Structures are given as C-alpha cells and as structure tokens.
Colleague: 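I'd like to ask you about the structure that follows.
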There are 2 protein chains.
Amino acid sequence: MSNKIDIVDKGSVTTPDGFQAGAVFAGINKKALAGLDMGVIFSTAPCNTAGVFTKNRIKAAPVIVSQERLKLGKAAAIVANSGCANACTGKQGISDAEEISRLVAENLGITATDVLVASTGVIGQPLPMDIIRASVPLIKVSRDGGHDFAKAIMTTDKVEKEIAVRVKYGKNTFHIGGAAKGAGMIHPDMATMLGFLTTDAEVDLEFLREALRKAADISFNMISVDGDTSTNDTVFLMANGQSENDPITAEDIPYAEVFQEALNEVCIYLAKAIIRDGEGATKLIEATVSGALNEAEARKAARTIVSSPLVKTAVYGNDPNWGRIIAAVGRSGIAVDEHKVSIYIGNICVFKAGQPQSFNLEKAGAALQKTEVPIEVKLNMGDSTAIAWGSDLTEGYIRINAEYTT
Amino acid sequence: MSNKIDIVDKGSVTTPDGFQAGAVFAGINKKALAGLDMGVIFSTAPCNTAGVFTKNRIKAAPVIVSQERLKLGKAAAIVANSGCANACTGKQGISDAEEISRLVAENLGITATDVLVASTGVIGQPLPMDIIRASVPLIKVSRDGGHDFAKAIMTTDKVEKEIAVRVKYGKNTFHIGGAAKGAGMIHPDMATMLGFLTTDAEVDLEFLREALRKAADISFNMISVDGDTSTNDTVFLMANGQSENDPITAEDIPYAEVFQEALNEVCIYLAKAIIRDGEGATKLIEATVSGALNEAEARKAARTIVSSPLVKTAVYGNDPNWGRIIAAVGRSGIAVDEHKVSIYIGNICVFKAGQPQSFNLEKAGAALQKTEVPIEVKLNMGDSTAIAWGSDLTEGYIRINAEYTT
C-alpha cells in the first residue's frame, strides 16, 4: 500500500465517521454459523450512494427495489439478511422487501425510501415476514456494530470479510470501510456476493458511481468460484461526508485518483477474501494475463483461466498442467499466437515462445502447494494486462453444493 | 426411431460397406484401459469427407493438418491416437502429424494427403515418434475392426462409444456408423472429443458438409461435462458411396431429410454416450428449453443449464433446487420474463408462471435419483425449443482431474 493509505486495525463498515451498524438472529438462516442473520448499516447523515448489481436477467426483489431507490443516489441505511434470497418470489417478494425497509426506517426514525435492501440465501422461498417483523425492532445500531453486520450476511462463508482503510491526502483525512460475503455462485460479472462499502469522505455523486464501477470491474468482477452468477449480487457504496474533507470530484484528478486507489484496494481485498473462503477452496489462484491487444481481451483471458474447472482441479492436485492453462486462453476467444505465448506457474517458466520448457517438477509442485498460486500468461501481442482470482475446485465444493440447498 | 432407420446390432464405423479398421497398442497411452491406443479407419474407395473442428483459438497439430487436407473434401483413411494430444508442440508437432499420415499411407498403399489425423491426450508433449514408427506397420485393417478402433481412442472414457444405423429410403439402403470418445474438457462448441462417422451412402460434398454441421450443432455442440473446450476437438464424416445408392443432394428434399435424420440420431446417440461416461458422472441431465424467442436463445439457455456447476451438483445431490435452474437461465442473458416461466424436474412442476409450486419432495427426489434427469424450462415467450445434455458434477470429477495429468 502507498504511504497515503493505511489499513485500520480491526476495521469495519463502521470505521468511517458517522456510520453505525447492528445485527440480530431473527431465525431466517437457521444454519447461521456466526449466530446472526439480519443486519443494518445506518449513517447519521444522508449519503451519496452508488450501487452495482447482478447482470443476471432474473433479479431478486431486493435488487429491483434498491435499483429503483438508487436512481436519485441517496440513502441513509441498508438492511441485509442471509438465509433467504427473496428471489423468484413474485409481487409478494417486492412488497416484503418494501415492508422490511419501512420497518427499518421506523426503527431508525428515517423514511423508507432512504433504506436499501439486500438478501442472500435460497432462491424461491418467501421471506418469513412474521419473524422479521418481530426482529427488526431488536436491531440496535452503534459505532462498534460493524463486525456484527459482517457476521449477519454470511451464508456458506466460514469467516467474516471486512476491512477499513484510512486515507490521507494533503490536509484531508477520510476512511473507507467494507464488508462482503461469498462464497458460491461466484463468477466474473458479480457473484452471489453482497458488498457494503462506507466512506466518511464527501464525494460527488457522479464520480462516486464511476469510482464504484471501476473498482468493481477490477475486483468483484474478476473473481470466480464456480462460474455461476446469482439473482442477488449487489455492492453498495455510501459516502456521508462526515470527515469534513474537501469534496472529491472527478475534475480534481490527483485527489480523485487517491480515492479511487483506496477504493480499489478495499474492493480487491474483499474480492480475494471471498475467493479464499470459496466453497471448498484450499487455494487462491491469481492469474495475470499480460501483453494482450487490449484490456478487454486481457480481462477475458484472465477470467477464463480462473473459471476453468480443469485449471482449478490441476491446482488442487498440485499438477503443473500448463496445457489446461493455454487451452483456457484459447477457449476465451481472444487473439493469441501460440508461438508468442509464455506461461509461468509460481514464477517457474513452463512454456516459452511456443515451446514446452523442461522444468523442475519438484519446484513446480512446491509452488502449487502454497495457498496462493500465481499463474502468468504473457501473450506478447500488445500492452494490456489484467488480473483475475479464482479458487481451486475440490471435493469440498461438491459436498457443500450437493448436500446443502443454497 | 422412425421405421426407415434401424439400429444395427453391434454396429461400428465398419458397418457401412467398404470400411475397414484396426488398432494396436503402441505405448503412447500407458494407461489405455482397453489396451489399444492407435487406430486407423480405411475406406477401399475414396470418400467425400466433411469435418468440424474445435473453436479453441489454440489448435493442435492434427487439427491444423486435417483442416488443410479437408479443403478439397476428399479422404480415404483416418489415423487417431490417445495418450498424447500433439498440441502446443510447435513445428515438430506439424511434421510429426504429417509423418504419421505418411506411415499410414504406406501401410495402406494410398497417398499421405488422403489420410486425416486426430489425437487426444495430454497437451504439450511431443508424440513418441519412435514407437509410432514401429507400431504403424503392425496395424491390420479389416471389416470387423471397428470395435478395436473405438477402444483405441479412449482416454478417461470407461466404455467405448459406437453405433451404426441402417437406413432405407425407397429402393436405397445405406448405413451410417460412428465412434466417439469423451470424457472431460467437454463443453458446448465441441469438447475434448473426437468423433468418427462413416457412411456407405453416396453423398454430394456440399450437402455432406452442411449435414454434418447441422447434426453436430444439435448433438456434440449441446453437451457439457465441465465447461472446458480442447485444442483437439474433431468430428469427421466419410462417405464412400459403396452402397450404390442414388446420390444424395440437398435438392432431393425428402431423401436429404432422411439422411439428415439418421445422421442426427447417430450424433445424438454418441453425444449422450459421452455425457453418460463423463468424468465422474453418475447421471445424464437432459435440459429442454421451450417457448424461447428464437433457436439461438433456446440453445443458449439449455446449454447454460447443463453447464452450471450448481445445477450439476444439485442433481448429483438429488436436490430439486429449481432456484439454481432459473438463475442459470437468467445468467445466460436470453430474454426471459420471470412471471411467464414454468419449470419441471422429471415431469414435476416446481415453478409455474412465476410462482413457486408446492410439490411432493419425495416424488421430486425419486425423479432425481434416476440415471436420466429431465429438466424442462418453459419460457412462454416464443416458439423455439432446444435440448442440451450434461453430466452431474461429483467428487469423482475432482479426483480424476486433480490426480491425472490429462
């Protein structure tokens, strides 16, 4: 990290000034590992708020409701639950999502249209509104409630995923906090993931939206557990201006770049945390594709590598099977000339300018046995680079998804 | 099957008149389950020949050599090996593929440019030419060598996949035979699959090419084991005219349709056989998408369902988790209105016109425990239908691909 951006010890979504959070166990997610299944983030000041959502054509009720509410870019609170996705639930689903936002608004003394909604869990079941009605009034928000919120959104996640950074730029200091959940249905173009980002910076709404789109593109949109994308994927970014910094706009270029850099770091941290905790995952694969004709092609190739079941199983099996890597690059459909390609697994060159290399199998095996496995493909066609992250594919993934209705 | 098309008992690629085949164990595929790893198909008369090949941008040497030779649409023999893909092997790979064709041509007394080449196995290793040179002369072709050929192309396949049909149309009788291999790297747009089709019909070259493209589109291009596609995928169709039928052309519509129907049946049989023998597979999933706006959209949705790891694991786990099915349809990007969609699992309606249905969990579980699991999604948007086939995803797939360099 640059000297302007520091990670805050035990940071969370409530590290930024003016944010509070809290959670309860309502009973929606009966298997809730961390004992909490519904959480709220609240800002004492209204926020410029941006969101990115699933590209799945089937959108869950909370996505539809939140997209509508974000048209004006304002929010003051978010309510999220695990255990039920409230997807494919028809008109009832929409009115349930709206009712939850009203209940939360009453509890916080704000208006319902300032409350965003996110759900994750099983598709096609209605929300248990009776227990939700009983539980929302029990949610107490506080300055140290961020960790509870991170716990409340977990489904098959084994650990909570949260971070906060402190950013200094000239006389301005502000924070960005974040929490996210995985852990299956995770694929480029969002995932069954929810992400919640908070900042006490004052940020121009248009720039905030653009910054979130850019950060999601190089983080949450570059990860793959299993190639499936969900009906509920959502990332929110709330900016409440409580740090009393100079307002950040796209025009103030170095300042905007620092904000973007900090936001990128938070999003990449959370994206990699999702992959590390991917269903059944034992390793994080980091695929770098360089020398592509353009960024779109570099992204496509990197995403295809980390999405390939054969690459994922080879990494799980500590097998330096670079043939599967180059086959994935070829399958991605990008411009590639086999005779120019070089491939590195954990810094060991296994294929150079179109020729298989003899390499030390033991060293390659050792590189693959680490919990982070870097793979680099140099296309030598142009100047563009992209990085994608994926989990390995293991028997654990099969067990979780064959035995658990998610 | 219609009364014009009958399956031949113990049929193979040598069922059609004028075709011979044979195989040896050369030692290229040391794990060859059936004890054979190199085979030849030979026609005593020159054949109009069509081919369809991988869409992977990285193409193996035998694909490059065979594509070039098929420009004129003529061939008299095919040599195929398992155990080594001869992919990413540079100029040496091309000259090795050419040398094999010369060796086979000498053995058969024909010219090398009339020999097509196909390889399957590990990517990035050179062919062991010394043992191939010693082994080609040992290949004896005969009228009953079809079964040996089907065995020689197996890699992780557990069973050989072959079929032949007899077709009667007016006074004409002809045959179509076929053999194929899977069993991983299998995905829509061809697969790590090789397919070899023979017919003793006399067929116009242009129509033969078109018929093969059409048949592959509804068979080999509609199956998925794991979403990966290989560098070597190839299907050849040789027509030698030895049945002395009236020549088949596109203009003679009912006659051409009968040929197309028979070819489709052979290809669908082999495609489904590949899925049944998919790596680690215990079940065949047949996904029908009807009521799509057009055929392209129906195909896309059906392929996405059978490619979804979450659908595949749910079927493996006997879990009627229709949420994963509709999420896959939404992810495919086709036009879909949740409120018009109905979903059936094994003829049990689980979702109707946008509403989750209460259904008998025991009956649904029983439907999922069968070795063939039909899934139907009715979009109710238009008139187009497509069918795709996929295997379930099991611990067995992980074991095979984590432990075996393929």
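Residue numbers begin at 1 in each chain, while the letters A, B, ... track the order of the sequences. Values in this document were obtained by computation on a predicted structure and should not be read as measured data.
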Colleague: Can you tell which of A/Asn318, A/Val329, A/Ile326, A/Thr89 has the highest number of heavy-atom pairs within less than 4.5 Å of chain B?
Modeller: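 Greatest number of close heavy-atom pairs with chain B: A/Ile326.
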
Colleague: Pick whichever of B/Cys88, B/Ala87, B/Pro320 has the most heavy-atom pairs under 4.5 Å with chain A.
Modeller: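 Going by pairs under 4.5 Å, I would pick B/Cys88.
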
Colleague: In terms of heavy-atom proximity below 4.5 Å to chain A, should B/Ser332 be classed as side chain, backbone, both, or neither?
Modeller: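 For B/Ser332, neither part sits under 4.5 Å from chain A.
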
Colleague: Picking from B/Asp319, B/Leu368, B/Val315, B/Asn321, what satisfies side chain to side chain contact (heavy atoms under 4.5 Å, CB included) with B/Ile345?
Modeller: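 Output: one option passes, namely B/Leu368.
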
Colleague: Is a side-chain donor or acceptor of A/Thr304 paired with a backbone partner of A/Lys300 at a separation under 3.5 angstrom?
Modeller: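 Indeed, once roles are kept as given, a pair shorter than 3.5 Å links the two residues.
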
Colleague: Side chain of B/Lys378, backbone of B/Gly291: donor and acceptor closer than 3.5 Å?
Modeller: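 Side chain of B/Lys378 to backbone of B/Gly291: no pair is present.
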
Colleague: Which value, rounded to the nearest 0.5 Å, describes the distance between B/Leu379 atom CG and B/Ser384 atom OG?
Modeller: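 Taking CG in B/Leu379 and OG in B/Ser384, the distance rounds to 10.0 Å.
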
Colleague: Could you have a look at B/Ala85, B/Gly333, B/Ala314, B/Pro356 and say which one has the most heavy-atom pairs with chain A under 4.5 angstrom?
Modeller: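 Max contact count across the listed options: B/Gly333.
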
